[in-house]
2 protein chains.
Amino acid sequence: MTDNLSQTFSALADPTRRAMLARLTMGEANVSDLAKPFLKSMSLPAITKHLKVLENAGLVTKTKDAQWRPCKLNATPLQDAADWMEPYRAFWEESFDRLDEYLKEVQSKKNKKVKTKEKKNARKS
Amino acid sequence: MTDNLSQTFSALADPTRRAMLARLTMGEANVSDLAKPFLKSMSLPAITKHLKVLENAGLVTKTKDAQWRPCKLNATPLQDAADWMEPYRAFWEESFDRLDEYLKEVQSKKNKKVKTKEKKNARKS
DNA sequence: TTTATAATTAACCAAAGAGTTAATTAACCG
DNA sequence: CGGTTAATTAACTCTTTGGTTAATTATAAA
(Lines give C-alpha, C1' and ligand atoms only; values in the text may rest on other atoms or scores of the structure.)
Protein backbone atom coordinates (compact mmCIF):
# COMPACT_ATOMS: atom_id res chain seq x y z
CA MET A 1 0.00 0.00 0.00
CA THR A 2 3.00 2.27 -0.39
CA ASP A 3 1.80 4.19 -3.45
CA ASN A 4 0.15 7.58 -3.10
CA LEU A 5 -3.13 6.68 -4.75
CA SER A 6 -3.65 3.72 -2.44
CA GLN A 7 -2.83 5.91 0.52
CA THR A 8 -5.36 8.50 -0.60
CA PHE A 9 -8.16 5.99 -1.14
CA SER A 10 -7.31 4.31 2.12
CA ALA A 11 -7.52 7.62 3.97
CA LEU A 12 -10.95 8.22 2.43
CA ALA A 13 -12.20 4.79 3.45
CA ASP A 14 -13.35 5.97 6.85
CA PRO A 15 -16.43 8.08 7.63
CA THR A 16 -14.76 9.91 10.52
CA ARG A 17 -11.90 11.01 8.31
CA ARG A 18 -14.24 12.04 5.49
CA ALA A 19 -16.22 14.11 7.97
CA MET A 20 -13.05 15.79 9.15
CA LEU A 21 -12.18 16.72 5.57
CA ALA A 22 -15.70 18.04 5.07
CA ARG A 23 -15.30 20.19 8.18
CA LEU A 24 -12.05 21.58 6.79
CA THR A 25 -13.79 22.80 3.63
CA MET A 26 -15.40 25.38 5.94
CA GLY A 27 -11.97 26.66 6.92
CA GLU A 28 -9.08 25.97 9.26
CA ALA A 29 -9.77 24.12 12.48
CA ASN A 30 -7.84 22.99 15.55
CA VAL A 31 -7.64 19.36 16.57
CA SER A 32 -10.26 19.89 19.26
CA ASP A 33 -12.61 21.59 16.76
CA LEU A 34 -12.26 18.59 14.48
CA ALA A 35 -12.74 16.25 17.40
CA LYS A 36 -15.86 17.88 18.84
CA PRO A 37 -18.49 16.00 16.77
CA PHE A 38 -16.92 12.66 17.66
CA LEU A 39 -15.98 12.96 21.31
CA LYS A 40 -19.24 11.25 22.29
CA SER A 41 -18.21 8.16 20.37
CA MET A 42 -14.41 8.17 20.52
CA SER A 43 -11.45 9.55 22.42
CA LEU A 44 -9.16 12.41 21.49
CA PRO A 45 -6.15 10.16 20.81
CA ALA A 46 -8.32 8.31 18.28
CA ILE A 47 -8.87 11.62 16.51
CA THR A 48 -5.16 12.40 16.63
CA LYS A 49 -4.56 9.09 14.86
CA HIS A 50 -7.17 9.75 12.17
CA LEU A 51 -5.62 13.14 11.62
CA LYS A 52 -2.21 11.52 11.28
CA VAL A 53 -3.59 9.27 8.53
CA LEU A 54 -4.92 12.33 6.69
CA GLU A 55 -1.61 14.12 7.13
CA ASN A 56 0.38 11.14 5.87
CA ALA A 57 -1.87 11.03 2.83
CA GLY A 58 -1.10 14.71 2.28
CA LEU A 59 -4.75 15.68 2.63
CA VAL A 60 -4.25 17.85 5.70
CA THR A 61 -1.41 20.12 6.76
CA LYS A 62 -1.02 20.92 10.42
CA THR A 63 0.67 24.09 11.66
CA LYS A 64 1.43 25.48 15.09
CA ASP A 65 -0.11 28.36 17.02
CA ALA A 66 0.74 28.33 20.75
CA GLN A 67 -0.81 25.12 22.11
CA TRP A 68 -3.15 24.81 19.18
CA ARG A 69 -2.61 22.95 15.92
CA PRO A 70 -4.54 24.68 13.12
CA CYS A 71 -5.30 22.21 10.34
CA LYS A 72 -5.83 23.05 6.70
CA LEU A 73 -7.32 21.04 3.88
CA ASN A 74 -5.05 20.17 0.97
CA ALA A 75 -7.22 18.68 -1.75
CA THR A 76 -4.51 18.08 -4.33
CA PRO A 77 -4.22 14.33 -3.67
CA LEU A 78 -7.93 14.10 -4.46
CA GLN A 79 -7.18 15.26 -7.96
CA ASP A 80 -5.15 12.10 -8.63
CA ALA A 81 -7.98 10.04 -7.21
CA ALA A 82 -10.50 11.82 -9.43
CA ASP A 83 -8.21 11.42 -12.42
CA TRP A 84 -7.98 7.71 -11.77
CA MET A 85 -11.78 7.43 -11.66
CA GLU A 86 -12.43 9.52 -14.73
CA PRO A 87 -12.12 6.71 -17.34
CA TYR A 88 -14.80 4.78 -15.45
CA ARG A 89 -17.33 7.57 -15.82
CA ALA A 90 -18.31 6.27 -19.25
CA PHE A 91 -19.20 2.94 -17.63
CA TRP A 92 -21.40 4.26 -14.85
CA GLU A 93 -23.09 6.71 -17.20
CA GLU A 94 -23.75 3.90 -19.63
CA SER A 95 -25.52 1.89 -16.96
CA PHE A 96 -27.49 4.98 -16.03
CA ASP A 97 -28.56 5.29 -19.66
CA ARG A 98 -29.72 1.68 -19.63
CA LEU A 99 -31.71 2.30 -16.45
CA ASP A 100 -33.19 5.40 -18.06
CA GLU A 101 -34.18 3.46 -21.15
CA TYR A 102 -35.71 0.74 -19.02
CA LEU A 103 -37.72 3.25 -17.01
CA LYS A 104 -38.99 4.89 -20.20
CA GLU A 105 -39.90 1.46 -21.50
CA VAL A 106 -41.90 0.39 -18.45
CA GLN A 107 -43.45 3.85 -18.36
CA SER A 108 -44.74 3.48 -21.92
CA LYS A 109 -46.11 -0.01 -21.13
CA LYS A 110 -47.89 1.47 -18.12
CA ASN A 111 -49.43 4.14 -20.35
CA LYS A 112 -50.73 1.47 -22.72
CA LYS A 113 -52.28 -0.40 -19.79
CA VAL A 114 -53.88 2.79 -18.54
CA LYS A 115 -55.35 3.38 -21.98
CA THR A 116 -56.68 -0.21 -22.04
CA LYS A 117 -58.24 0.30 -18.62
CA GLU A 118 -59.82 3.48 -19.83
CA LYS A 119 -61.37 1.57 -22.71
CA LYS A 120 -62.68 -1.10 -20.32
CA ASN A 121 -64.10 1.55 -18.05
CA ALA A 122 -65.67 3.23 -21.04
CA ARG A 123 -67.36 -0.04 -21.95
CA LYS A 124 -68.45 -0.55 -18.32
CA SER A 125 -70.15 2.79 -17.93
CA MET B 1 -16.41 0.51 7.77
CA THR B 2 -19.91 -0.80 7.10
CA ASP B 3 -21.09 2.02 4.83
CA ASN B 4 -20.97 1.67 1.06
CA LEU B 5 -18.73 4.64 0.38
CA SER B 6 -16.11 3.40 2.83
CA GLN B 7 -16.31 -0.03 1.26
CA THR B 8 -15.80 1.44 -2.20
CA PHE B 9 -12.82 3.58 -1.23
CA SER B 10 -11.36 0.67 0.71
CA ALA B 11 -11.67 -1.60 -2.32
CA LEU B 12 -9.86 0.99 -4.43
CA ALA B 13 -7.04 1.33 -1.91
CA ASP B 14 -5.05 -1.50 -3.45
CA PRO B 15 -3.08 -1.44 -6.71
CA THR B 16 -3.86 -5.08 -7.55
CA ARG B 17 -7.57 -4.46 -7.27
CA ARG B 18 -7.37 -1.24 -9.28
CA ALA B 19 -5.49 -3.14 -11.99
CA MET B 20 -8.19 -5.79 -12.03
CA LEU B 21 -10.85 -3.13 -12.53
CA ALA B 22 -8.78 -1.58 -15.31
CA ARG B 23 -8.55 -4.98 -16.99
CA LEU B 24 -12.32 -5.32 -16.79
CA THR B 25 -12.85 -2.08 -18.71
CA MET B 26 -11.53 -4.06 -21.71
CA GLY B 27 -14.36 -6.57 -21.29
CA GLU B 28 -15.33 -9.66 -19.33
CA ALA B 29 -12.59 -11.86 -17.93
CA ASN B 30 -12.32 -15.10 -15.99
CA VAL B 31 -10.58 -15.32 -12.64
CA SER B 32 -7.47 -16.80 -14.25
CA ASP B 33 -7.39 -14.03 -16.87
CA LEU B 34 -7.51 -11.47 -14.09
CA ALA B 35 -4.90 -13.40 -12.14
CA LYS B 36 -2.39 -13.79 -14.98
CA PRO B 37 -0.48 -10.50 -14.55
CA PHE B 38 -0.01 -11.18 -10.83
CA LEU B 39 0.78 -14.88 -10.61
CA LYS B 40 4.50 -14.11 -10.53
CA SER B 41 4.04 -12.12 -7.37
CA MET B 42 1.05 -13.75 -5.66
CA SER B 43 -0.99 -16.91 -5.50
CA LEU B 44 -4.38 -17.62 -7.03
CA PRO B 45 -6.19 -17.69 -3.67
CA ALA B 46 -4.88 -14.19 -3.06
CA ILE B 47 -6.55 -13.12 -6.30
CA THR B 48 -9.77 -14.85 -5.30
CA LYS B 49 -9.73 -12.78 -2.12
CA HIS B 50 -9.11 -9.50 -3.92
CA LEU B 51 -11.94 -10.36 -6.28
CA LYS B 52 -14.20 -11.05 -3.30
CA VAL B 53 -13.43 -7.56 -1.97
CA LEU B 54 -14.41 -6.05 -5.32
CA GLU B 55 -17.58 -8.16 -5.42
CA ASN B 56 -18.55 -7.16 -1.89
CA ALA B 57 -18.07 -3.53 -2.86
CA GLY B 58 -20.40 -4.13 -5.80
CA LEU B 59 -17.70 -3.21 -8.31
CA VAL B 60 -17.58 -6.62 -9.96
CA THR B 61 -20.26 -9.17 -10.69
CA LYS B 62 -19.26 -12.77 -11.16
CA THR B 63 -21.33 -15.21 -13.19
CA LYS B 64 -20.96 -18.89 -14.04
CA ASP B 65 -19.99 -20.64 -17.26
CA ALA B 66 -19.01 -24.28 -16.76
CA GLN B 67 -15.84 -24.22 -14.63
CA TRP B 68 -15.17 -20.58 -15.46
CA ARG B 69 -16.33 -17.49 -13.60
CA PRO B 70 -16.72 -14.61 -16.04
CA CYS B 71 -16.38 -11.29 -14.24
CA LYS B 72 -17.93 -8.04 -15.29
CA LEU B 73 -17.21 -4.47 -14.22
CA ASN B 74 -19.96 -2.58 -12.45
CA ALA B 75 -18.87 1.02 -12.15
CA THR B 76 -21.97 2.38 -10.43
CA PRO B 77 -20.41 2.48 -6.94
CA LEU B 78 -17.70 4.70 -8.40
CA GLN B 79 -20.35 7.29 -9.15
CA ASP B 80 -21.01 7.75 -5.44
CA ALA B 81 -17.30 8.05 -4.84
CA ALA B 82 -16.98 10.64 -7.59
CA ASP B 83 -20.01 12.50 -6.24
CA TRP B 84 -18.41 12.61 -2.82
CA MET B 85 -15.22 14.07 -4.27
CA GLU B 86 -16.92 16.63 -6.48
CA PRO B 87 -17.21 19.42 -3.85
CA TYR B 88 -13.46 19.21 -3.31
CA ARG B 89 -12.71 19.94 -6.96
CA ALA B 90 -12.94 23.68 -6.29
CA PHE B 91 -10.19 23.28 -3.70
CA TRP B 92 -7.70 21.40 -5.82
CA GLU B 93 -8.39 23.63 -8.81
CA GLU B 94 -7.86 26.67 -6.63
CA SER B 95 -4.44 25.40 -5.57
CA PHE B 96 -3.66 24.68 -9.19
CA ASP B 97 -4.55 28.27 -10.01
CA ARG B 98 -2.21 29.46 -7.30
CA LEU B 99 0.56 27.28 -8.69
CA ASP B 100 -0.17 28.63 -12.13
CA GLU B 101 0.01 32.21 -10.89
CA TYR B 102 3.23 31.48 -9.09
CA LEU B 103 4.77 29.93 -12.18
CA LYS B 104 3.77 32.93 -14.28
CA GLU B 105 5.24 35.19 -11.62
CA VAL B 106 8.63 33.46 -11.46
CA GLN B 107 8.60 33.23 -15.24
CA SER B 108 8.21 37.00 -15.55
CA LYS B 109 10.98 37.56 -12.98
CA LYS B 110 13.18 35.20 -14.98
CA ASN B 111 12.47 37.24 -18.12
CA LYS B 112 13.47 40.41 -16.34
CA LYS B 113 16.68 38.73 -15.18
CA VAL B 114 17.39 37.53 -18.70
CA LYS B 115 16.90 41.07 -19.96
CA THR B 116 19.25 42.37 -17.23
CA LYS B 117 21.82 39.79 -18.21
CA GLU B 118 21.50 40.85 -21.81
CA LYS B 119 22.18 44.41 -20.76
CA LYS B 120 25.21 43.25 -18.75
CA ASN B 121 26.46 41.25 -21.69
CA ALA B 122 25.89 44.21 -23.96
CA ARG B 123 28.01 46.31 -21.64
CA LYS B 124 30.67 43.56 -21.50
CA SER B 125 31.13 43.25 -25.23
C1' DT C 1 5.06 29.10 40.29
C1' DT C 2 1.24 26.52 40.11
C1' DT C 3 -2.73 25.30 37.33
C1' DA C 4 -5.46 24.69 33.25
C1' DT C 5 -5.82 23.70 28.29
C1' DA C 6 -4.41 21.47 23.85
C1' DA C 7 -2.51 17.83 21.96
C1' DT C 8 0.58 13.90 21.55
C1' DT C 9 2.87 9.66 22.96
C1' DA C 10 3.15 5.07 25.01
C1' DA C 11 1.55 0.72 25.78
C1' DC C 12 -1.73 -2.23 25.03
C1' DC C 13 -5.70 -5.01 22.71
C1' DA C 14 -8.96 -6.94 19.33
C1' DA C 15 -10.37 -7.23 14.74
C1' DA C 16 -9.47 -6.88 9.91
C1' DG C 17 -6.40 -7.34 5.87
C1' DA C 18 -3.26 -9.59 2.89
C1' DG C 19 -0.78 -13.22 2.12
C1' DT C 20 0.61 -18.33 2.34
C1' DT C 21 0.08 -23.73 1.45
C1' DA C 22 -2.76 -27.62 1.23
C1' DA C 23 -7.13 -29.60 0.49
C1' DT C 24 -11.57 -29.54 -1.84
C1' DT C 25 -15.22 -28.75 -5.20
C1' DA C 26 -16.97 -28.75 -9.72
C1' DA C 27 -17.06 -29.22 -14.46
C1' DC C 28 -15.13 -30.90 -18.69
C1' DC C 29 -12.67 -34.28 -21.66
C1' DG C 30 -10.48 -38.62 -23.34
C1' DC D 1 -14.14 -43.84 -14.92
C1' DG D 2 -9.86 -41.17 -14.28
C1' DG D 3 -7.43 -37.12 -15.14
C1' DT D 4 -7.19 -32.12 -15.95
C1' DT D 5 -8.51 -27.44 -15.46
C1' DA D 6 -10.73 -23.54 -12.90
C1' DA D 7 -11.65 -21.80 -8.84
C1' DT D 8 -12.73 -21.80 -3.92
C1' DT D 9 -12.23 -23.01 0.93
C1' DA D 10 -9.69 -24.01 5.15
C1' DA D 11 -6.36 -23.12 8.30
C1' DC D 12 -2.79 -20.60 9.51
C1' DT D 13 0.59 -16.42 10.01
C1' DC D 14 1.90 -11.75 10.16
C1' DT D 15 0.97 -6.89 9.89
C1' DT D 16 -1.98 -3.02 10.02
C1' DT D 17 -5.82 -0.55 11.77
C1' DG D 18 -8.72 1.52 15.04
C1' DG D 19 -9.62 1.90 19.35
C1' DT D 20 -8.61 2.25 24.54
C1' DT D 21 -6.47 4.42 29.11
C1' DA D 22 -2.74 6.60 31.34
C1' DA D 23 1.16 9.45 31.15
C1' DT D 24 3.64 13.29 29.07
C1' DT D 25 4.73 17.63 26.71
C1' DA D 26 4.07 22.34 25.79
C1' DT D 27 2.00 26.64 26.13
C1' DA D 28 -0.89 30.11 28.39
C1' DA D 29 -2.81 32.27 32.32
C1' DA D 30 -3.77 33.16 37.27
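Predicted model only: the values in this text are computed from it and were never measured. Letters go in sequence order (proteins before strands), and every chain restarts at 1. When reading the values below, keep in mind they use all heavy atoms of this one structure, side chains included, and skip hydrogens, waters and symmetry mates.
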Nearest whole angstrom, please: distance from the [atom2] of [N] to the [atom1] of [X].
{"X": "B:M42", "N": "C:dG17", "atom1": "CE", "atom2": "P", "value": "16 Å"}
{"X": "A:N30", "N": "D:dT27", "atom1": "CG", "atom2": "P", "value": "15 Å"}
{"X": "B:D14", "N": "D:dT15", "atom1": "CG", "atom2": "P", "value": "18 Å"}
{"X": "A:F9", "N": "D:dT17", "atom1": "CZ", "atom2": "P", "value": "17 Å"}
{"X": "A:E28", "N": "C:dA6", "atom1": "CD", "atom2": "C1'", "value": "16 Å"}
{"X": "A:M20", "N": "C:dA7", "atom1": "CE", "atom2": "P", "value": "11 Å"}
{"X": "B:L51", "N": "D:dA7", "atom1": "CG", "atom2": "P", "value": "10 Å"}
{"X": "A:D65", "N": "D:dA28", "atom1": "CG", "atom2": "C1'", "value": "11 Å"}

Has [X] got a side-chain N or O lying under 4.0 Å from the OP1 or OP2 atom of [N]?
{"X": "B:T48", "N": "D:dT8", "result": "yes"}
{"X": "B:S32", "N": "D:dA6", "result": "no"}
{"X": "A:R17", "N": "D:dG18", "result": "yes"}
{"X": "B:K64", "N": "C:dA27", "result": "yes"}
{"X": "B:H50", "N": "C:dG19", "result": "yes"}

Worksheet item: When rounded to the nearest 0.5 angstrom, what distance separates CZ in A:R69 from NZ in A:K64?
Response: 5.0 Å

Discussion item. With heavy-atom distances below 4.5 Å as the criterion, would you say the side chains of B:D80 and B:T8 are in contact?
Written reply: no

Discussion item. Would you say that A:L24 contacts A:C71 through its side chain, given a criterion of any heavy-atom pair below 4.5 Å between the two side chains?
Written reply: yes

Item to complete: Without swapping roles, check the side chain of A:Y88 against the backbone of B:A22 for a donor-acceptor pair under 3.5 Å.
Response: yes

Worksheet item: Taking the side chain of B:Q67 as heavy atoms from C-beta outward, which of D:dA7, D:dT5, C:dT5 is closest to it?
Response: D:dT5

Worksheet item: Closest to the B:K62 side chain: D:dT8, C:dC28, D:dA7?
Response: D:dT8

Worksheet item: Which residue, A:K52 or B:P45, contacts DNA chain C at a nucleotide closer to its 5' end, judged by nearest heavy atom?
Response: A:K52

Worksheet item: Starting at the 5' end of DNA chain D and moving along, which residue's nearest nucleotide shows up first, A:L44 or A:W68?
Response: A:L44

Fill in: Along DNA chain D (nearest heavy atom to each residue), the more 5'-positioned of B:E55 and A:A66
B:E55

Worksheet entry | Donor-acceptor pair (no angle test) under 3.5 Å: B:K49 side chain, C:dG17 base | no

Worksheet, complete the sentence: From the list A:R17, A:K62, A:K49, salt bridge (Lys or Arg N to Asp or Glu O under 4.0 Å) partner of A:E55 resolves to A:K62

Worksheet item: Base, sugar-phosphate, or nothing: which does A:I47 touch, judged by heavy atoms less than 4.0 Å apart?
Response: nothing

Worksheet item: NA contact type, A:A46, heavy-atom cut-off 4.0 Å: base, sugar-phosphate, or nothing?
Response: base

Discussion item. I'd like to know if the side chain of B:S32 pairs up with that of B:N30 as donor and acceptor (distance under 3.5 Å, no hydrogens or angles considered).
Written reply: no

